[in-house]
Amino acid sequence: MTAFSDVRTSRWAALTALVTTSVLLTACGSGGGDSGSGSGQPQSGGTLTFAVGSDAGCVDPQQVASNETIYSVRQVVDSLTDQDPKTGKIVPWLAKSWDVSADATTFTFRLRSDVTFSDGSKLTAQVVKDNFDAVPKLGALGTLAEGYLSGVKSTTVVDPLTVKVTFSQPNAQFLQATSTHSLGIESSASVKKTPQQKCSDGVVGSGPFVLKQYVQNQSVTLAKRTGYAWGSSQWSKKGEAYLDKLVFKVVPEAGVRAGSLQSGQVDAISSVGKANEAALRGGQVTLLRRANPGVVFGLGLNNSRRTLKDPRVRQAILFAVDRQQIADTVFPTGTQAATSILAHTTPDYSDLASGLTFDAAKAKSLLDSAGWKTGSDGTRARGGKKLSLTVKWFPNASTNQPALELIQQQLKAVGVDVVLKQLQVTQFAPTLQSGDFDAVWGNVTRADPDILRGSFSTKLANFYHLPASSLDTALSEQAATVDAAKRRQLVAHVQQLIVQNASYVPVVELQTQLGVAKKVHDLNFDASSRIQLHDTWIG
């Protein structure tokens, strides 16, 4: 995915979007995000070694969408705003204040005057403009950032420290989007690099850490930014970070990550698997959990495939999946079965559990009515063709394969043959773009229901190749309204349409679970259940 034409830009724009409504997230471990024990005073110095399960093959925050890589690259860039993970409120960061027009088409930000990038250059309104002008040219990996700027008419330098962003229509999600890593501000020198150069070499940011080394599929090494003094108003520590160095090691096997944490080889690990929970409990390890808002883990069906064009087939797949069994068997303790296309922590979520029940008999009846008859081998067929579904998946979470193997068994029980095909993490975006799939397994974390527009509107990315319908109208209307009650009604209607039509098969909500050594303190989640390490210390 390289440079975009205007047509392609509109197709891929608005992958996700948010508004500044409350984000309800739950944490488990040692209370308010402090992963350590005892009551010692914070100490400066030391290296935090963090084992993650995968590498997205890119270290540009504006291009990365995989949580495992976001953990590291987030530390390199600051954003215009930040978001309180408890209330969802947008708070100052690089922007000390802002104004939003009554119709949510114009956003004016007043920048701090003391911010510099790690190459010594200063943050100015022109730098912000350069960033926002360049984002639409990022290509395949930049769909998140690009989506947040969908419909932008202009970015204007009002004065050296004031920048105004104007949209062609109301865009209630944009203020919150400015708090994300995807719109993290990079230096002018970085903006001028090609997307490929930024992926491989990294970027120059103004963040509390600086990229020192990136070895693809092996490690990301960061060092403390000396003189850093413009942290988010959300953080407890002022000035520089406590830690001198951060090392993110890529360790694909969940059991190996857990063993490394127990033995003290690493200080924290991502994606703690259910099988490793018991061994980690009770030792010198704290398990931190947080539910992720956004689109739940599920099967994204290609609605344009001949077999899947029939809503009865899609609905049969939906009813054949036993969500509770998958949540209980495969996922970490506390994981909830999906009760909508959105996780329950997402603003304006609707409980649609009654439409997402496990009902094998109903699934069989629907397939019967669609003309798919059970053969001697148990697999259904019609017109000499077997009912087979190839699910493409990516090894960016240890739960992906076992969850899909269980779904494979559940669908086999109603006569659907499922073939699982693993691809590299770097192939995720190109696969969605190409449409070369029957189904893909995944989720998207975002704390606003407008995330649905990017994935399901036929006017935008339309990842799952839906035909034009009344869903498009509802998605567009909820994005344009600034009336909270009206928007809630529209979003409820959107969720009902997607679930009833089985355009996507929701399975389980994503819950981030980290393992952290008890000597590590204040390793905190942000509003999207990713980590912020400025306040973290070892002692």
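All values below were derived from every heavy atom in this structure, side-chain atoms included, with hydrogens, water molecules and symmetry-related copies excluded.
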- Cationic N near anionic O, under 4.0 Å, Glu186 to Lys198: yes

- So, for Leu475 and Phe456, which heavy atoms are closest and what is the spacing to 0.1 Å? CD1-C, 3.9 Å

- NZ (Lys274) with more than 12 external heavy atoms under 6.0 Å: yes

- Query: Any idea how Tyr349 and His344 line up, ring-wise: parallel (<30°), tilted (30 to 60°), or perpendicular (>60°)?
  - Reply: perpendicular

- Verify whether one side chain among Gln262 and Gln284 offers a donor that lies under 3.5 Å from an acceptor in the other. no

- Of all heavy-atom pairs linking Ser350 and Ser340, the shortest is O-CB, 3.2 Å

- Message: Salt bridge check, Asp310 against Arg312: does any charged N sit closer than 4.0 Å to a carboxylate O?
- Response: yes

- Would you say Ile317 and Leu308 make side-chain contact, with heavy atoms under 4.5 Å? yes

- Task: Enter the distance from Leu301:CG to Thr307:OG1 here, rounded to the nearest 0.5 Å.
- Result: 11.5 Å

- Query: Nearest heavy-atom pair of Pro332 and Glu277: which atoms, and what distance?
  - Reply: CA-OE2, 3.2 Å

- Query: Looking at CG of Asn302 and OH of Tyr464, how far apart are the two atoms once the value is rounded to the nearest 0.5 Å?
  - Reply: 10.5 Å

- Salt bridge flag under 4.0 Å for residues Lys386 and Asp417: no

- Task: For Arg487 and Glu477, run salt bridge (charged side-chain N to carboxylate O under 4.0 Å, His left out): C-alpha distance rounded to whole Å, both residues' side-chain angles, the deciding distance at 0.1 Å, then the answer.
- Result: CA-CA 8 Å; Arg487 187 168 192 253; Glu477 288 179 351; over 6 Å; no

- Task: Any chance you could measure Ser179, atom OG, to Gln83, atom CD, to the nearest 0.5 Å?
- Result: 5.0 Å

- What about the rings of Phe50 and Tyr71, do their centers lie closer together than 6.0 Å? yes

- Item | Residue pair Gln422 / Gln401, side-chain donor-acceptor N/O under 3.5 Å | no

- Message: Within the supplied structure, the quantity of interest is the number of heavy atoms (other residues, nucleotides, ligands) at a distance under 6.0 Å from Lys392 NZ; does it exceed 12?
- Response: yes

